[in-house]
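Just below is one structure, and these are the notes that go with it.
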Amino acid sequence: MLTYIIRRVLIIVPMAIGISFLIYLALDLSPGDAVTRMLNPVQTVDPERIEELRRALGLDAPLLVRYWIWFSGVLQGNFGRTLTGGVPISRILMERLPATLELSTIALVLSSIFGAILGTISALRRGTTTDNVLTVAGMIGVSIPEFFFGLVAIVIFALNLQWLPVGGRLLPSYDSYWDHIPNLIMPSLVLSIMMTAGVMRYARAAMLDALSREFIKTARSKGLPEWRVNLLHGFRVALTPVVVLIGFRLPILIGGSVIVEQVFQWPGLGNLFVLSVRNKDLPTVMTIALLSVVLVLVVSLVIDILTAIIDPRVRLGGD
Amino acid sequence: MRILKAAAVALLLQTGISTFAQAQALNANPLSDVRVRQAIAYAIDRNLIVESVFGGYAVPADGLLPNGPFKSPNLDAYPYDPEKAKALLAEAGWDSSRTLEMVYYYDDQITADLMAVLQAQLADVGINMTYGLIVGDVAKTLNSIPEDPKGKSVVTWDMAYGARAAMVMQEYFNDYATGKASADGFPGSPELDALIAESNTATDPEAAKATLMKIDEFINANAITLPLYYQQLQSVESTRLDRHGEPYGNDQFNYDWNVHNWTVTPDADGKAILYTNGAPLDYFEQPWVNLGLWAGNKFIWAHMLGSKPFLDGITGGDLAETYEMSEDGKTLTFTMREGTKWHDGEAITVDDVTFSLEFALKTPNLQGVLASVFNSIEGAAEYVAGTAEHVSGISSDGNTVTIKFTKPNANTLISFTQWGPFPKKYFEGVDPTLVQQAEFWQKPIGSGPFKVEEAKFGDFSSFVPFDDYYEGKPKIDQIIAWSSSDGDVNMVKNASANRIDFAVTKVVSDIEAIKALDFMRLTPLDIPYTRMVWFNQYDK
């Protein structure tokens, strides 16, 4: 297993480079650049001034040169500065990351726990009212767009009941970290519920699949108690695809949930990502994208390892 | 002499209109035929568009200039008349198999709806039209023209939908000058060029107004551009806010709105907090680009002179206590107000002004009217080209600053109502090309009634009264502005939650929603903002 892990870690590096270059290329091929985004479309500006700005921002250099300047900076721990505002990207990350992390961590944890539990209950109670209610709830959860769910929550809890703030994260009057918890409740719960629905449906299907396997029948024929059959044998196998699903949701820790952040005016990385794409601020977009890519690659490795630990049938690297 | 010159131009124009309007297609492009353009004007029902697409929150337009003192009585309204449109098309030999390509740059639903209506109305008279959003380099797609006005068009579009929000009326027309890269798609004419030049140099406001009306008539008679509607700006205010009679005006620009006199009902803690939107998402935009567009900049910055609410005159000095313009309109002298300070407590000096004027000349996207005025300062060209260390036409003596211009400009004074200096000490060593990328814009040190207390980009910005503001400390204890871009989608939501006391909007759905809130009020403002269709008349 150790050889397999080392091999996979070594592969992550060229993969991250390759993927980041493809993203850079795709962004570069789309029309316009950061300078065109700064201009008022109908205000004619001295083209010489604009070319000077382009040169000063290094946008006149060939694609490969620009990519290399950015990437070599990243290798030295320097993510560069935003093109439009000249702000160090590392500073923006430090400002925005906590907002995204607290939101997405809560959503990931809650959705993983409740999704797995509710999905399992639904499978074990197959065909009962409980199962039907949970299935319908799951269907609704995965079908309703996040923005709609968010807006409904705002109308009910912020505007009508006035229990929670309508959006935003901080205020000048917040003296301690805990002051902003009311702001956190609605976006994190909306994100959690939406994600729970997906995990629940996945867990139910996986549990049903596991319960129909031969080894479950064998366990039952051995006279093991039902809870033991379900939880120690069934649930353990059913957990594998659920872990994969949860694992591949980890990148939202970096990218944030773009929609929820927009609806709740949450100043996280998801909002920043949208703004940067709109401004064609390549260094910022690339930094967030690279972090997401690395996270996906690392998570995929971790999932493989976890799968092998959870499911005894899985062997890594042909070990 | 100036009046005589204006009369001569007007006479020339009369001749120009009669000959030009009778002309047929100028080249192989059917849109160069005035009859085709007029047919399109007759085919579009602007009243219907205003009522159905804009919910009545716009005014059908007949000219480019807004309704009011600059409106000419001689404009043809091109009333909706599809039969007349068909007759004109037949006369022009319109090829009904041809499809016109319309482009636009607003990515909102209302524009998509408008495009569908325009497409249907043109189809009714036998004109096929496709439409699409411009992506990428919008300015280049819109504004590229061939080097030779008689040359082939360098863009593919036939019609473009866009807007002009004018600080001064000349802005509506300057782009029509021959050889000026712009979206109007008009190759130019000597008659119009003469009028445009006249409108810019006329220092007599009445003469300038008459010339501007003539230009609008010329464009109208020849259907060079099709004005669709005037967009109103709505001032959105909560009932907590009391402006104490301070005026409403063109909130996209700077005027004497005297926000330091406004009050809001204090909250339970006794603190008078005004909530608004428009705080920056990642940095404060430097205020020489979009002038008064961002509320934050209006709080932070003072200007050299004060403007009337709709930018139709000067109210007096602001940072400059007095000003004097020479008879020939070529020398402007400011006497700076004593005791004005930056938000860091340092005195505002003539050095800050002279430095900022030179600095502005080298910034990349100085607002168009300001650029036109500043570039006509004596020695500006040499300074920009790098052959002179300073601008020879800018000098200071004691607390006066004197600026000499190479030619008079009708907009010199109004430009200084929109422009104020930066504190020199923060910009020494900063490359003017990268002015917006300076660290300064994370928490700018300004000169206006409020100073930046805190900026949590993407979340909010907080402004507090500047104790040393020369007109007196503002009465509001704090302004909290939610971060948002232009056309903020969260404005209504925040207003519904009592988190907006002041905002402006042009978005129809927002206006409808705000109207339903009994603790909010709307005040429509007739600003110079015309949405129009440009015709590409270059050869294709």
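Per chain, numbering begins at 1; letters A, B, ... match sequence-line order. Everything numeric here is computed off the predicted structure, so don't read it as measured data. What you see below is based on every heavy atom in this structure, not just the backbone, and it leaves out hydrogens, waters and symmetry mates.
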For B:G136 and A:T36, work out which heavy atoms get closest and say how close. O-OG1, 4.3 Å
Would you name the heavy atoms of B:P364 and A:I50 that are closest together and state the gap between them? O-CD1, 3.9 Å
Closest heavy-atom pair, B:W482 versus A:Q265, reported as atoms and distance to 0.1 Å, is CB-NE2, 4.2 Å
B:R499 (side chain) donor-acceptor with A:P165 (main chain) under 3.5 angstrom: no
Highest number of heavy-atom pairs under 4.5 Å with chain A: which of B:N174, B:N290, B:D184, B:V384? B:V384
Using non-hydrogen atoms only, which part of B:T141 is less than 4.5 Å away from chain A: side chain, backbone, both, or neither? neither
Pairs of heavy atoms under 4.5 Å with chain B: top-ranked of A:T84, A:L171, A:I92, A:V263: A:T84
Rounded to the nearest 0.5 Å, what's the gap from OG on B:S462 to CG on A:L170? Could you check? 12.5 Å
Just verifying a value: how many Å separate B:T433 OG1 and A:L57 CG, rounded to the nearest 0.5 Å? 9.5 Å
For A:L83, which atoms come within 4.5 Å of any heavy atom of chain B: side chain, backbone, both, or neither? backbone
Does any heavy atom of chain B fall under 4.5 Å from the side chain of A:I154, the backbone, both, or neither of them? side chain
Can you give me the closest heavy-atom contact between A:P267 and B:F457, atom names plus distance? CB-O, 4.0 Å
Per the side chain to side chain contact (heavy atoms under 4.5 Å, CB included) rule, which among A:N279, A:V87, A:D281 passes with B:D282? A:N279
Segment of B:E453 engaging chain A (4.5 angstrom heavy-atom cut-off): side chain
Less than 4.5 Å apart, any side-chain heavy atom of B:E285 and any of A:M38? no
Relative to chain B, which segment of A:A158 carries a heavy atom at a distance below 4.5 Å: side chain, backbone, both, or neither? neither
Heavy-atom pairs under 4.5 Å with chain B are the metric here; pick the option from A:G32, A:A56, A:P172 that has the most. A:P172
From CZ (A:R49) to NZ (B:K362), nearest 0.5 Å: 7.5 Å
Side-chain contact test, heavy atoms from C-beta onward, threshold under 4.5 Å: evaluate it for B:D137 versus A:P31 and give yes or no. no
Is it the backbone or the side chain of A:E51 that comes under 4.5 Å from a heavy atom of chain B, or both, or neither? neither
Counting only non-hydrogen atoms closer than 4.5 Å, does B:E454 touch chain A with its backbone (N, CA, C, O), its side chain (CB onward), both, or neither? side chain
Which atoms of B:A163 are under 4.5 Å from chain A, going by heavy atoms: the side chain, the backbone, both sets, or neither? backbone
Has A:R91 got more than 12 heavy atoms of other residues, nucleotides or ligands less than 6.0 Å from its CZ? yes
Contact part of B:I134 toward chain A, heavy-atom cut-off under 4.5 Å: side chain, backbone, both or neither? neither
Under 4.5 Å from a heavy atom of chain A, the part of B:A371 involved: neither
Out of curiosity, A:N271 CG to B:L281 CG, how far, rounded to the nearest 0.5 Å? 8.0 Å
Considering only heavy atoms, which portion of A:R96 lies under 4.5 Å from any heavy atom of chain B: side chain, backbone, both, or neither? side chain
Heavy-atom count around A:Y174 OH within 6.0 Å, excluding the residue itself: above 12? yes
Nearest heavy-atom approach of A:L53 to B:Q437 is CD1-OE1, 4.4 Å
Got a second to check how far A:E52's CD is from B:D431's CG, nearest 0.5 Å? 7.5 Å
Should A:R169 and B:K456 be marked as a side chain to side chain contact (heavy atoms under 4.5 Å, CB included) after you check the CA-CA gap, both sets of side-chain angles, and the distance that decides it? CA-CA 10 Å; A:R169 181 171 178 250; B:K456 291 277 183 199; over 6 Å; no
Between CG of A:D46 and CG of B:L361, what distance do you get to the nearest 0.5 Å? 11.0 Å
